[in-house]
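Worksheet: one structure, shown below.
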Amino acid sequence: MDLNHARALWSELAGVPVEFTTPTAVVRAPGSRLCPPGWAGIVRIGDAAVVTAPDTRGAEALSAAVRKLAPAELVDPVRLGGALSGTGAPVLDVLGPATLSYVDRDAFVPALPEGAGAAVERAAPGDPALSALLAGAGQGDADESGLDEITSPAFLLREAAGASTAGDGDGTGEGAGDGAGDVVAAAGYVTWPRSVAHVCVLVAPHRRGRRLAGIVASAAVSRALDAGLLPQWRARPYPSRRVAAALGFRELGAQLSVRI
């Protein structure tokens with residue numbers, strides 16, 4: 001996997017000229033997309049990182065911190081918090097860290113069906129069935145999934161009407177059959193700069209742990225690769241990281257946002 005593609009993406013998202021160098025570059029970037037507005041953002045790819053600060057005070061504090069920490073330590077909230085504690089800019093809130101993983105065509109391992117079941121459907125973003133899944137998952141999980149922002153088709157897996165478990169088929173179809181049940185898993189992606197496809201996945205809370213995430217994600221990743229895009233998977237919980245690894249994604253770095 002080429003680190004340069006991922007690094008080029010995050011350098012562009014910083015909003016100001018910055019490169020992954022040693023020592024770590026810290027830049028003042030109020031419009032950085034590495035983090036929420038007004039926060040500081042740290043992204044490590046491989047053995048180098050970039051840091052964006054919302055203002056001059058934050059940039060000075062983070063510059064002092066990077067002199068003490070290795071790139072891998074910068075995305076550790078405990079280590080970074082300790083380094084910032086004496087700078088006059090303590091950490092007030094944290095988002096992350098999240099791992100950043102990528103896969104190319106050669107490494108991709110499509111999810112295999114485990115038996116007969118419903119096909120993965122393709123639907124438009126904003127399809128009512130997808131909206132129903134997001135509503136049922138709760139605001140936190142829905143926001144974390146990012147599925148309300150996808151630019152690709154949505155790939156949906158339904159629970160067969162009257163069945164207690166959803167089938168694990170891996171086919172694709174253009175619509176639900178007669179008597180189809182509720183959507184229990186969905187995936188898609190957001191097209192990011194530098195031809196990157198940011199993968200989004202959600203499984204209904206009562207259907208998790210049944211390998212449904214891999215099936216719908218596999219369809220989304222396959223679509224992204226066919227479109228000439230580099231799939232990216234950002235994950236915090238271990239189960240999500242495990243799904244990505246099963247599809248062939250390789251963890252290349254991590255992202256951390258802090259409010260100071």
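Qualifying side chain to side chain donor-acceptor pair (under 3.5 Å) partners for Arg79, counting only residues two or more places apart in sequence or in other chains: Glu73. Here Ser145 pairs with nothing under the side chain to side chain donor-acceptor pair (under 3.5 Å) rule; sequence neighbours left out. Checked against side chain to side chain donor-acceptor pair (under 3.5 Å), Ser101 has no partners two or more places apart in sequence or in another chain. Take Phe20 and apply the ring pair (Phe, Tyr, Trp, His ring centres under 6.0 Å) test, not counting sequence neighbours, and it matches no residue. Partners of Ser85 by side chain to side chain donor-acceptor pair (under 3.5 Å), not counting sequence neighbours: none found. Contacts of His5 classified as ring pair (Phe, Tyr, Trp, His ring centres under 6.0 Å), with partners at least two apart in sequence or in another chain: none. A search for side chain to side chain contact (heavy atoms under 4.5 Å, CB included) contacts involving Ala98 returns Arg234, Arg236, not counting sequence neighbours. In this view, Pro239 and Pro237, Arg242 satisfy the side chain to side chain contact (heavy atoms under 4.5 Å, CB included) rule, not counting sequence neighbours.
Taking the side chain as every heavy atom from C-beta outward, Pro231 and Leu225 approach each other to under 4.5 Å. Counting heavy atoms from C-beta outward, Pro36 and Ser257 have side chains that approach closer than 4.5 Å. For the pair Leu100/Trp233, no side-chain contact is recorded, criterion being any heavy-atom separation below 4.5 Å from C-beta on. With a 4.5 Å cut-off on side-chain heavy atoms, Val258 and Val91 count as touching. The side-chain heavy atoms of Leu202 and Leu134, taken from C-beta on, include a pair separated by under 4.5 Å.
Under a hydrophobic clustering in which Ile, Leu, Val, Met, Phe, Trp and Tyr are joined whenever their side-chain heavy atoms come within less than 4.5 Å, directly or via other members, Leu62 and Val50 fall into different clusters. Residues Leu34 and Leu84 do not share a hydrophobic cluster, clusters being chains of Ile/Leu/Val/Met/Phe/Trp/Tyr side chains in contact below 4.5 Å. Note on Val216: it clusters hydrophobically with Val103, by side-chain heavy-atom contacts below 4.5 Å among ILVMFWY residues. The hydrophobic clustering, which links ILVMFWY residues whose side-chain heavy atoms are closer than 4.5 Å, places Val27 and Leu80 apart. Val51 and Leu95 are not part of a single hydrophobic cluster, where members link through side-chain heavy atoms under 4.5 Å apart.
Pro77 approaches Leu256 most closely through the heavy-atom pair CG-CD1, 3.9 Å. Residues Pro54 and Gly38 come closest through the heavy atom pair CG-O, 3.5 Å. The minimum heavy-atom distance between Arg33 and Trp10, with the atom names listed, is O-CZ3, 4.5 Å. Closest heavy-atom contact between Ala89 and Arg57: CB-NH1, 3.3 Å. Nearest heavy atoms, Leu157 versus Ala119: CD1-O, 4.0 Å. Considering all non-hydrogen atoms of both residues, Leu9 and Gln232 come closest at CD2-OE1, 3.3 Å.
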Please lay out, stage by stage, how Ser218 and Phe108 fare under the test side-chain contact (heavy atoms from CB on, under 4.5 Å). CA-CA 9 Å; Ser218 181; Phe108 178 45; 3.6 Å; yes

Using the side-chain contact (heavy atoms from CB on, under 4.5 Å) rule, take Val120 and Leu156 through it: C-alpha gap first, then chi angles, then the decisive distance, then the call. CA-CA 5 Å; Val120 175; Leu156 312 177; 6.0 Å; no

Can Tyr102 and Arg250 be said to form a side-chain contact (heavy atoms from CB on, under 4.5 Å), step by step? CA-CA 5 Å; Tyr102 303 86; Arg250 177 184 170 194; over 6 Å; no

Go through the steps to decide whether Leu147 and Leu130 satisfy the test side-chain contact (heavy atoms from CB on, under 4.5 Å), and finish with yes or no. CA-CA 8 Å; Leu147 278 167; Leu130 174 60; 4.1 Å; yes

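Thr99 places no side-chain N or O within donor-acceptor distance of the main-chain N or O of Ala254, the cut-off being under 3.5 Å.
Rounded to the nearest 0.5 angstrom, Phe155 CZ and Glu121 CD are separated by 11.5 Å.
Here side chain to side chain donor-acceptor pair (under 3.5 Å) pairs that include residues 18-32, with residues two or more places apart or in two chains, are Ser32-Thr52. Applying the side chain to side chain donor-acceptor pair (under 3.5 Å) test to residues at least two apart or on different chains, the pairs with a partner in residues 220-231 are Arg105-Asp226.
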Could you tabulate the donor-acceptor pairs under 3.5 Å formed by side-chain atoms of residues 186-194, not counting sequence neighbours?
unit_1	atom_1	unit_2	atom_2	d
Thr191	OG1	Thr151	OG1	3.1
Arg194	NE	Glu12	OE1	2.8

N/O donor-acceptor pairs under 3.5 Å from side chains in residues 39-49, not counting sequence neighbours:
unit_1	atom_1	unit_2	atom_2	d
Arg44	NH1	Gly46	O	2.8
Asp47	OD1	Arg7	NH2	3.2

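Salt-bridge check for Arg208 with Asp141: passed, with a basic side-chain N closer than 4.0 Å to an acidic carboxylate O.
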